[in-house]
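Below: one structure, written as structure tokens.
As the structure is a prediction and not an experimental result, all values here were calculated from the model.
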Amino acid sequence: MSIESDVLKKIKPTAEETESILNRAESLKKEILKYVSVHKLDINVKFVGSVAKGTFLADPDLDVFLMFPLYVSR
């Protein structure tokens, strides 16, 4: 086995890990959307980064972008 394949085994998620990561991302998005709905907020929720692009490695961060309307002050 090469060093490259050893490294890939450590950083590339398995099919089960990929499914778990995507399920957790979807669960997080649902919770955020539920909060947004309950509080009647005008916010769009979008995943960005490696999870959104499908290029994540094992143990990724979930990058969530909340898009507020222009009329919302900083």
Side-chain angles (χ1 to χ4, degrees):
M1 220 180 257
S2 71
I3 293 175
E4 183 179 314
S5 63
D6 288 343
V7 171
L8 282 176
K9 279 187 174 184
K10 291 179 183 178
I11 65 171
K12 185 176 180 185
T14 64
E16 294 83 19
E17 290 170 328
T18 297
E19 182 179 357
S20 175
I21 290 162
L22 295 176
N23 286 339
R24 285 183 279 156
E26 188 59 33
S27 177
L28 174 61
K29 187 173 183 178
K30 284 180 183 178
E31 287 298 316
I32 294 169
L33 290 172
K34 186 166 63 172
Y35 182 91
V36 166
S37 177
V38 166
H39 295 282
K40 298 179 180 15
L41 301 172
D42 186 13
I43 298 172
N44 290 323
V45 180
K46 181 178 180 179
F47 281 104
V48 296
S50 63
V51 171
K53 292 185 262 180
T55 59
F56 56 91
L57 301 176
D59 196 27
D61 294 333
L62 291 175
D63 302 307
V64 182
F65 189 73
L66 303 177
M67 295 177 283
F68 292 82
L70 292 175
Y71 63 81
V72 175
S73 66
R74 289 182 178 244

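Taken to the nearest 0.5 Å, the NZ atom of Lys10 stands 10.5 Å off from the OG atom of Ser5. The CD1 atom of Ile11 lies 13.5 Å from the NZ atom of Lys9; values are rounded to the nearest 0.5 Å.
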- Item | Worked verdict on Thr18 versus Thr14 for side chain to side chain contact (heavy atoms under 4.5 Å, CB included) | CA-CA 6 Å; Thr18 297; Thr14 64; over 6 Å; no

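By the side-chain contact (heavy atoms from CB on, under 4.5 Å) test, Glu19 is found to be paired with Asn23, residues two or more places apart in sequence or in another chain being considered. Every residue was checked against the salt bridge (Lys or Arg N to Asp or Glu O under 4.0 Å) condition with Glu16, not counting sequence neighbours, and none meets it.
Residues Glu26 and Lys29 are not paired through a salt bridge, judged by the lack of any N-O separation under 4.0 Å between the basic side chain and the carboxylate.
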Can you give me every donor-acceptor pair (side chain of residues 35-64, partner residue at least two apart or in another chain, under 3.5 Å) with its distance?
from: Asp42; atom 1: OD2; to: Tyr71; atom 2: OH; distance (Å): 3.3

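When hydrophobic clusters are built by joining Ile, Leu, Val, Met, Phe, Trp and Tyr residues whose side-chain heavy atoms come closer than 4.5 Å, directly or via intermediates, Leu33 is not grouped with Met67.
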